[in-house]
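Here's the structure we're looking at; comments come further down.
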Number of protein chains: 2
Amino acid sequence: MQNFLAPEFQFIHQYIKKLAGKGALGLTDDAAILSVEPEYELVLTADAMVEHVHFFSSDAVDLIAQKLLRCNLSDLAGMGAEPVGYLLTVSLPKHCFNAMWFEQFTSGLQRDQELFHISLLGGDTTSNPHNMVFSLTAIGKTLKNKSLRRNNAQVGDGIWVTGTIGDAALGLLALKNEINDVDGFLTQRYHLPQPRLGLNLVDIASAGMDISDGLIQDLGHLTRESQVGAIIYADQIPLSKQAKILGNSYLETCLTGGDDYELLLTIPQDKEQQAITQSHKANIPLTKIGYCTDQQGSVICYDSNKITMNFKNTGWSHI
Amino acid sequence: MQNFLAPEFQFIHQYIKKLAGKGALGLTDDAAILSVEPEYELVLTADAMVEHVHFFSSDAVDLIAQKLLRCNLSDLAGMGAEPVGYLLTVSLPKHCFNAMWFEQFTSGLQRDQELFHISLLGGDTTSNPHNMVFSLTAIGKTLKNKSLRRNNAQVGDGIWVTGTIGDAALGLLALKNEINDVDGFLTQRYHLPQPRLGLNLVDIASAGMDISDGLIQDLGHLTRESQVGAIIYADQIPLSKQAKILGNSYLETCLTGGDDYELLLTIPQDKEQQAITQSHKANIPLTKIGYCTDQQGSVICYDSNKITMNFKNTGWSHI
């Protein structure tokens, strides 16, 4: 982190400074300081978002900032971690260097900082002659050795998801005018993911991750790392009212589209009741959609007639 | 962090995976895990580097990667921290998505990982239709409450710098063909900064930072945060043989140019001997260039005739 702004850009420092919390040292030093209580360990993740790849030029800047932060927070949620803070680098074309742009950008972050009880630890603002590029590193914590991994699902464990699946993928179709988003719900789900923080499944779930590349592909990742297989049932996968209305022809989009930012979890059968209790406590819906099999590498999704579904695409590629 | 690569880009994962260390969980999960010994606290910094702003398209990719890493390590050195690991996001145009590019990019990082005893903790690779944009978050540690801050320089403390000042700024002039870099030393100093890690000044230096925006400007930052002033002597500022040959007309460039990545330190007079001992131990040259005054906000640089120097530019703006 550096004090690198020419005098005419010092206003930026004021906007960014408002986001800085304890440990950021008022953004005056080369780096931030973070203390970790001895019973905790840190969980760290980083993602980038690029104009023309991950968002449209016309998207609201506060929503872009919030989505970037929330995608990273969702990764923390996927590890069962509690968020602590974040570092952010922004590379911007000339037209962004004005108070209105920074006001909007930082107001989105400010809202989410309050919502998720985190603050900015540091970062960098640079120019980019071409397009907006953001990168965010999120830092969370878990009790030592209690983070949720992908590699511990066991044969027979139930497969569960939070929330509803596919809304964001449908939201993207709506933004491309391919479907009609009557009440704005689907678009909202695309722009503003809801990281499923606060669902305390320590010593309950056997494995977990966040769903960002599509349910089917991410289930493939989880089962591969755990060396198990999976059978899931399409008619048990929770869909929103808005997704259901669109009908079966959009089911594949829901199951293979990206950007859900819901959690995918495996839970041993004897822990199901505890999981449901935690789900009620956190007010986060949790639905069982299948179970882990001993058919390593096999992810089977049955339709309502118990026929194996075949998918043209199994997931979203960010490249 | 996500498993987000389409099959045709899975080769990238192999290159990046080689960089992953303990805690990165083989890059298989949503995030990395980092334990911190109870007597330590973490030091965190992030910087971005943008093609056409911070480096030329023709620059060697391994050097770009190393410079990005080293700039961040220099921030850690400025806080007196020991590096632990880093997260990296890269956003790349299509022409970079080939094995040769990734081989070169990761080989630079690999070399520096070995040199500085660190490893990759996580990150993200995305496309960018326009240009290369990199962002790196570096994580270090210091004993609790022992990090070097900018705000504790006292009136009477000596002002010291490591290494030689101005080489990188001259290296940039050489790359622009404005001066001749006979032996390649200056260009090398521009491309490959040397983070001054390992100079253990805990309980010796009163304040410190790395010099990235030019000595004069950074001295302004440090004295402002410490509410002191400064007098320094141009003829005591250490210059390399190559910089000296260019003569006095390049002195301003040396004192106000950016990219030094040397350390600027204030050291109480009764600790000077200890500092020199540490400098010998670490094999890092340390030179006294002036002292802190009670003239808050005043940074005076005397030339060899004891006349105050006036600078056209006081430092480098990254915007």
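This structure is a prediction, so every number in the text was calculated from the model and none was measured. The sequence lines fix the lettering, A, B, ..., with proteins before strands; numbering per chain opens at 1.
Looking at A:Lys94, there are no atoms closer than 4.5 Å to chain B (heavy atoms on both sides), in backbone or side chain. At a 4.5 Å heavy-atom cutoff, B:Lys141 makes no contact with chain A through either its backbone or its side chain. In this structure, the portions of A:Ser35 lying under 4.5 Å from any heavy atom of chain B include both its backbone and its side chain. The parts of B:Ile33 that come within reach of chain A are both its backbone and its side chain, each placing non-hydrogen atoms under 4.5 angstrom from that chain. No part of B:Leu92 comes within reach of chain A, as not one of its non-hydrogen atoms sits under 4.5 angstrom from that chain.
To the nearest 0.5 Å, atoms NE2 (A:His54) and OG (B:Ser91) are separated by 7.0 Å. For the atom pair CZ of A:Arg150 and CG of B:Asp29, the computed distance is 5.5 Å after rounding to the nearest 0.5 Å.
Listed options A:Val90, A:Thr142, A:Leu34 were ranked by heavy-atom pairs under 4.5 angstrom with chain B; first place goes to A:Leu34. Taking chain A as the reference chain and counting heavy-atom pairs below 4.5 Å, the highest number among B:Leu222, B:Asn128, B:Val43 is found for B:Asn128. If you tally non-hydrogen atom pairs under 4.5 Å between each of B:His52, B:Arg149, B:Glu37 and chain A, the highest count goes to B:Arg149. Between chain B and the residues A:Asn151, A:Leu136, A:Leu76, A:Asn131, the largest count of heavy-atom pairs under 4.5 Å involves A:Asn131.
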- Query: Under the side-chain contact (heavy atoms from CB on, under 4.5 Å) criterion, do B:Leu44 and A:Ile139 qualify, and how do the steps go?
  - Reply: CA-CA 10 Å; B:Leu44 303 146; A:Ile139 297 162; 3.9 Å; yes
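Heavy atoms only, all atoms of each residue included: B:Ala31 and A:Thr45 are closest at CB-CB, 3.8 Å.
Shown are B:Val133, B:Thr126, B:Thr89; of these, the side-chain contact (heavy atoms from CB on, under 4.5 Å) with A:Val50 is made only by B:Thr126.
A donor-acceptor contact shorter than 3.5 Å links the side chain of A:Asp124 to the backbone of B:Ala48.
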